[in-house]
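Since the structure is predicted, the reported quantities are computational estimates derived from the model, not experimental observations. Side-chain atoms are counted along with the backbone in the values below, which use heavy atoms only and exclude waters and symmetry mates. In what follows, chains carry the letters A, B, and so on, assigned in the order in which the sequence lines appear, proteins first and then strands, with residues in each chain numbered from 1.
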Amino acid sequence: VSSGHAADRPVPPVLADCEVTDEHGATIRLGSLWAERPIVLAFVRHFG
Amino acid sequence: MFCREHVVQLRHRVERIHGAGGEIVVVGSGTPNFIAGFREQTGWTGPLYSDPSLASYRAAGLSRAMWRNFTPVNAAYAVRALARGHMQGRTQGDASQQGGVLVIVPPGRVVYEHVSKLAGDNAPADEVADALAAGSSARM
């Protein structure tokens, strides 16, 4: 398993503007998720 | 199996991350109807979203290539995941898409990143938790 690395750069605006959907069909702008608190944004390959 | 393994590893750090004032947000490439099953398989009750368009994956700079699922290293990762009790399920999403982790602090700075080189190359969970704790304390 490879290690990640420390960074210090702004989130790309295109990422902040992406919308994702929950199981109830509600959409949310990703950028809203880190507006108030730090987050671990974990992308998994799929749901299998 | 790697996706389940990764989320379970992160779930085991959730108390530390909440204690640092943070949250774990999981995004998968499958459609929203697969979220409930994924929650059941992983025990993950926190924020979980679907992005079958893969737009957020592209924006995050993650890899997408089928060959990254079929190397000798993937086989070793699979043995590791199976030994930890994570079985392979039916692919529910984009099989070519690879994962990754960003730790982001307000108002929008990336302080840690891990781009999976291969399927099963999951970000070390302790490393992720350490990055969030450091990023959180640096804000105070």
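- Listed by chain and number, the hydrophobic cluster partners of A/Leu30 are A/Val11, A/Leu15, A/Val20, A/Ile28, A/Leu33, A/Trp34, A/Ile39, A/Leu41, A/Phe43, B/Val25, B/Val27, B/Tyr49, B/Leu54, B/Tyr57, B/Leu62, B/Leu102, B/Ile104, B/Val110, B/Val115, where partners are ILVMFWY side chains within reach of under 4.5 Å, directly or through others.
- Not a single donor-acceptor pair under 3.5 Å links the side chain of B/Glu113 to the backbone N or O of A/His5.
- Counting heavy atoms from C-beta outward, A/Arg45 and B/His6 have side chains that stay 4.5 Å or more apart.
- Using a 4.5 Å cut-off between heavy atoms, B/Arg39 touches chain A through its side chain atoms alone.
- Nearest approach of B/Gly21 to A/Pro38, heavy atoms of both residues: O-CD, 3.6 Å.
- Residue contact with chain A, scored on non-hydrogen atoms closer than 4.5 Å, involves the side chain of B/Leu10 exclusively.
- Heavy-atom pairs under 4.5 Å with chain A peak, among B/Val128, B/Thr42, B/Ile24, at B/Ile24.
- Contact count against chain A (heavy-atom pairs under 4.5 Å) is highest for B/Val26 among B/Thr31, B/Val26, B/Asp51.
- Heavy atoms closer than 4.5 Å to chain A are found nowhere in B/Ala131, neither backbone nor side chain.
- Here B/Phe34 and A/Phe47 keep their ring centres 6.0 angstrom or further from each other.
- For chain B, the nearby parts of A/Pro10 are the backbone and the side chain; heavy atoms of each come within less than 4.5 Å.
- If you measure heavy-atom distances from B/Ser53 to chain A, you find no contacts under 4.5 Å at all.
- Contact tally against chain A (heavy-atom pairs below 4.5 Å) for B/Gly22, B/Gly100, B/Gly30, B/Gly99: the top residue is B/Gly100.
- For the residue pair A/Asp8 and B/Arg109, the shortest heavy atom distance occurs at OD1-NE, 2.7 Å.
- Among the candidates B/Ala60, B/Gly61, B/Ala36, the residue making the largest number of heavy-atom pairs closer than 4.5 Å to chain A is B/Ala60.
- Across every non-hydrogen atom of A/Pro12 and B/Ala59, the tightest pair is CG-O, 3.9 Å.
- Not counting sequence neighbours, the partners of A/Thr21 by the side chain to side chain contact (heavy atoms under 4.5 Å, CB included) test are A/Thr27, B/Pro32.
- With a 4.5 angstrom heavy-atom cutoff, A/Ala16 does not touch chain B via any of its atoms.
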